[in-house]
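Have a look at the structure below, then the notes.
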Amino acid sequence: MARNYQSRKRILVTGGAGFLGSHLIDRLLERGDEVVCVDNLFTGAKRNIEHLHSNPRFEFMRHDVCFPLYVEVDEIYNLACPASPIHYQHDPVQTTKTSVIGAINMLGLAKRLKCKIFQASTSEVYGDPHVHPQTEDYWGNVNPIGIRSCYDEGKRCAETLFFDYHRQLGLEVKVARIFNTYGPRMHPADGRVVSNFIMQALRDEPITMYGDGSQTRSFCYRDDLVEGFLRLMDTAPDVAGPVNIGNPNEFTIRELAELVIGLTGSRSTLDYRPLPQDDPMQRQPNIAVARDKLGWEPKVQLREGLERTIEYFRDFVN
Ligand SMILES: NC(=O)c1ccc[n+]([C@@H]2O[C@H](COP(=O)([O-])OP(=O)(O)OC[C@H]3O[C@@H](n4cnc5c(N)ncnc54)[C@H](O)[C@@H]3O)[C@@H](O)[C@H]2O)c1
């Protein structure tokens, strides 16, 4: 619903110069809110928000969430954290600090302001799951000392903090567990499967396939995901989550590669490599809670989302 001067909110988005944060900000500004975007530009990019600088309702602050922040806002979306394995493994200590100290700082801010706060958690809290598809009441199977642990355990600890602030201090929290999401403004070199495959296909390079390609993933288009964020934030105060937000349609990695090759008209072939450590074999959300509490489900099919994403990536190839 469009906001007018009286109903307009001032909203903080951390990680707002990133892939998902910048889309969330587009949606918040479109409906008439004011946005304070906080980002240290570790994986985010100025180009993701450059179209917003002439908007008087948009403000950018270069800031690391590991340090306290004092701003006056009505709502907080906490997205700051590198999301792709090559980025979060680049400086694992900083990754854990961003999730944990960042959560403490943002929760402290929300407590001072008595405002509701959203956390971008992840399907990685389920680790290599024994339950399939994953429901929110599954506690996960996570290696606490592996190379992915800085991200997985950092996000798990952030969830703990969110629920303790909720129980102990009565803070209104909204925790979303995000599954693989793709779309325009993904970092072209972030090493995630969709961006990897598209860039390799557009360059007619061999497509890197870890394992035999039979591991499955579900892919959610970014517009669907952001719609889920907004709906979760608008739920009644007792809906804290966690809520899985993702696309339950499951594809093997080999199917994804073949679709990308077909849509790009590429001459790429498949290049099989060993599976990396702790790479889960299956990942698929059960979204019954999102359907029930948010009236939400994804609408964009993989083929359509890939076509839009491929168009975006073409600019990075020529
Ligand atoms: N994209 C996905 O498929 C996916 C899946 C699960 C969870 N998530 C979560 O969603 C959020 C956004 O992910 P994304 O895909 O947009 O990733 P992204 O890397 O594009 O965005 C993360 C943003 O956070 C910023 N950031 C990192 N550390 C920071 C710090 N210490 N202080 C301030 N800013 C910092 C980065 O510069 C970047 O702009 C992340 O929290 C991520 O864990 C994403």
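Start at 1 and go down the list; that is how both ligands and their atoms are numbered.
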Checklist line | Worked check of salt bridge (Lys or Arg N to Asp or Glu O under 4.0 Å) between Asp164 and Arg167 | finding: CA-CA 5 Å; Asp164 281 336; Arg167 280 185 292 258; 2.9 Å; yes
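Ranking protein heavy atoms by distance to atom 3 (O) of ligand 1, first place goes to Thr181 N, 2.8 Å. For atom 9 (C) of ligand 1, the closest heavy atom belonging to the protein is Ile178 CD1, 3.9 Å. Looking only at heavy atoms of the protein, atom 40 (C) of ligand 1 is closest to Leu79 O, 3.2 Å. For atom 29 (C) of ligand 1, the nearest protein heavy atom (residue, atom name, distance) is Asn40 OD1, 3.3 Å. Here the heavy atom of the protein found nearest to atom 39 (O) of ligand 1 is Asp39 OD2, 2.5 Å. Looking only at protein heavy atoms, the nearest one to atom 13 (O) of ligand 1 is Ala83 CB, 3.7 Å. Looking only at heavy atoms of the protein, atom 44 (C) of ligand 1 is closest to Leu20 CD1, 3.7 Å.
Under a 4.0 angstrom heavy-atom cut-off, Gly102 registers as lying outside contact with ligand 1. Residue contact check for ligand 1: Thr14 places no non-hydrogen atom closer than 4.0 Å to it. A heavy-atom separation below 4.0 Å is not found between Lys97 and ligand 1.
Side-chain N or O atoms of Glu255 include one that pairs as donor or acceptor with a backbone N or O of Thr252 at under 3.5 Å. Under a 3.5 Å cut-off, the side chain of Lys293 and the backbone N or O of Thr235 do not form any donor-acceptor pair. Of the possible polar contacts, none joining the Arg8 side chain to the Glu34 backbone as a donor-acceptor pair under 3.5 Å is found.
By the criterion of side-chain heavy atoms lying less than 4.5 angstrom apart, applied directly or through intervening Ile, Leu, Val, Met, Phe, Trp or Tyr residues, Val226 is grouped together with Leu294 in one hydrophobic cluster. Under the 4.5 Å side-chain heavy-atom criterion for grouping Ile, Leu, Val, Met, Phe, Trp and Tyr, Leu79 is connected to Leu29 within one hydrophobic cluster.
The shortest N/O to N/O separation between Val65 and ligand 1 falls below 3.5 Å. Considering both main-chain and side-chain atoms, Gly16 never comes within under 3.5 Å of ligand 1 through any nitrogen or oxygen pair. Residue contacts with ligand 1: Pro82 is placed with no nitrogen or oxygen under 3.5 Å of a nitrogen or oxygen of the ligand (distance criterion only).
No side-chain N or O of Ser218 forms a donor-acceptor pair with one of Gln284 less than 3.5 Å apart. Side-chain atoms of Asn244 and Tyr126 include a donor-acceptor pair closer than 3.5 Å.
Residues that satisfy the side chain to side chain donor-acceptor pair (under 3.5 Å) test with Arg254, not counting sequence neighbours, are absent from this structure.
In summary, the atoms of ligand 1 found under 4.0 Å from a heavy atom of Arg192, numbered by their order in the structure, are 1 (N), 2 (C), 3 (O), 15 (O). Of all atoms in ligand 1, listed by their number and element, those nearer than 4.0 Å to a heavy atom of Gln94 are 31 (N). The contact set between ligand 1 and Ala80, taken as ligand atoms under 4.0 Å from a residue heavy atom, comprises 24 (O), 33 (C), 34 (N), 35 (C). If you number the atoms of ligand 1 from 1 as listed, the ones under 4.0 Å from a heavy atom of Asn180 come out as 3 (O). If you number the atoms of ligand 1 from 1 as listed, the ones under 4.0 Å from a heavy atom of Leu41 come out as 37 (O). Each of the atoms 36 (C), 37 (O), 38 (C), 39 (O) of ligand 1 lies under 4.0 Å from some heavy atom of Gly44. Atoms of ligand 1 found under 4.0 Å from any heavy atom of Asp64 (numbered from 1 in listed order, with element): 30 (C), 31 (N), 32 (N). Near Lys155, meaning under 4.0 Å from any of its heavy atoms, are these atoms of ligand 1: 40 (C), 41 (O), 42 (C), 43 (O).
Within a 6.0 Å radius of CZ in Arg267, other residues, nucleotides and ligands contribute 12 heavy atoms or fewer. Within a 6.0 Å radius of NE2 in His90, other residues, nucleotides and ligands contribute 12 heavy atoms or fewer.
Classified by interplanar angle (parallel below 30°, tilted 30° to 60°, perpendicular above 60°), the ring pair Phe229/Phe118 is tilted.
Under 4.0 angstrom from ligand 1, the non-hydrogen atoms of His63 all belong to its backbone. The proximity of Ser121 to ligand 1, defined as any non-hydrogen pair under 4.0 Å, is limited to the backbone.
Between Arg156 and Glu153, at least one side-chain N (NZ, or NE/NH1/NH2) sits under 4.0 Å from a carboxylate O, which counts as a salt bridge. Taking 4.0 Å as the cut-off between side-chain N and carboxylate O, Lys114 and Glu172 do not count as a salt-bridged pair. The pair Asp224-Arg222 does not count as a salt bridge, with every side-chain nitrogen at least 4.0 angstrom from each carboxylate oxygen.
For atom 22 (C) of ligand 1, the nearest non-hydrogen atom from the set Gly18, Cys81, Ala176 belongs to Cys81. The residue from Asn48, Thr43, Leu69 that puts a heavy atom closest to atom 18 (P) of ligand 1 is Thr43. Nearest residue to atom 8 (N) of ligand 1 from Tyr151, Phe19, Phe42, Phe229 is Tyr151 (criterion: closest heavy atom).
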